[in-house]
Structures are given as C-alpha cells and as structure tokens.
K.L.:
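Here it is, the structure, as structure tokens.
Nothing here was measured: the structure is a model prediction, and the numbers come from that model.
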Amino acid sequence: VGAHVNVTFTDNSINETGFILQRRGSASESWITVEAATRPASTWDNIHQLVIDQGLSTGGDPGTLTDSVPVSDTTTFAAGKSYQYQVIAVDAIGTQNLGTFPSTTVASDPSNIVFVQR
C-alpha cells in the first residue's frame, strides 16, 4: 500500500463533460493518462426543444483527480525522481440521442504542469 498522488486544480471550463489527469517522468517522455472523470454528453429535450448540457460545473470550482498507483510502487515511481502532472478538460459536442447527428469530443489545452518528487 502507500499514498497516492492527489492533484487539485481549479476548473476554469464552463461546459466540460470530463477531465483527464496525465503523468510523465520528464519532458522527453510521453504523457500517459492515469485517471479520467467523465459525464454523459449533451442530450436533446424534444418536449422543450433544447439541448441539456451535462457539464460537470459552471467553472471556478476546485477539482481533485488521483493517480491511483501508490507512490510505494517503485516500478512506477523511482526514488528521488520528479514526475509531472497535467489536467485536460474535455467536452463531448453534439447530442447523444439524435441518431446520426454528428458529434465529437474536444480537449482543452493542458493545464500548467505540476511537479512532484518522490
């Protein structure tokens, strides 16, 4: 067992349907996704003729994502090494229940990078 890395951030997006937490060991390494928190995409309300956005919040809220690999896992986390984390907001654009209506998922620019040392 061992402690996990909790990354706390401020949600500056207004219509996201999820967040992705990524980690890498150095600038020369690729980012790997360690957690993704998602909600359903928007849906169409036939009665009121409007799109219901399922975004997680209206922005400005604090959020926390967790790298679930325990820091005691020396295969993943080497002693004395720094690790970098970033958060990306994602939004599913389009509606889920309109059949062949086009939809796509759009990712935000990454957050500022956070450095963690084991």
K.L.:
For the atom pair OG1 (T64) and CZ (F19), what is the distance rounded to the nearest 0.5 Å?
P.N.:
11.0 Å
K.L.:
For E29, check salt bridge (Lys or Arg N to Asp or Glu O under 4.0 Å) against everything at least two apart and list the hits.
P.N.:
K81
K.L.:
From D67 CG over to F77 CZ, what is the distance, rounded to the nearest 0.5 angstrom?
P.N.:
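Here the interatomic distance stands at 4.0 Å.
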K.L.:
Quick one: pull up CZ in R23 and CH2 in W31 and give me the separation to the nearest 0.5 Å.
P.N.:
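Going from the CZ atom of R23 to the CH2 atom of W31 covers 10.5 Å.
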K.L.:
Checking side-chain contact (heavy atoms from CB on, under 4.5 Å) for the pair V69/V34: CA distance, chi angles, key distance, verdict?
P.N.:
CA-CA 8 Å; V69 176; V34 295; 5.9 Å; no
K.L.:
Please report the interatomic distance CZ(R24) to OG(S82), rounded to the nearest 0.5 Å.
P.N.:
12.5 Å
K.L.:
Return yes if some donor-acceptor pair links the side-chain N/O of E35 with the main-chain N/O of T66 below 3.5 Å, else return no.
P.N.:
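Indeed, once roles are kept as given, a pair shorter than 3.5 Å links the two residues.
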K.L.:
With L21 as reference, evaluate V5, N6, L65 under the side-chain contact (heavy atoms from CB on, under 4.5 Å) test and give the passing residue.
P.N.:
L65
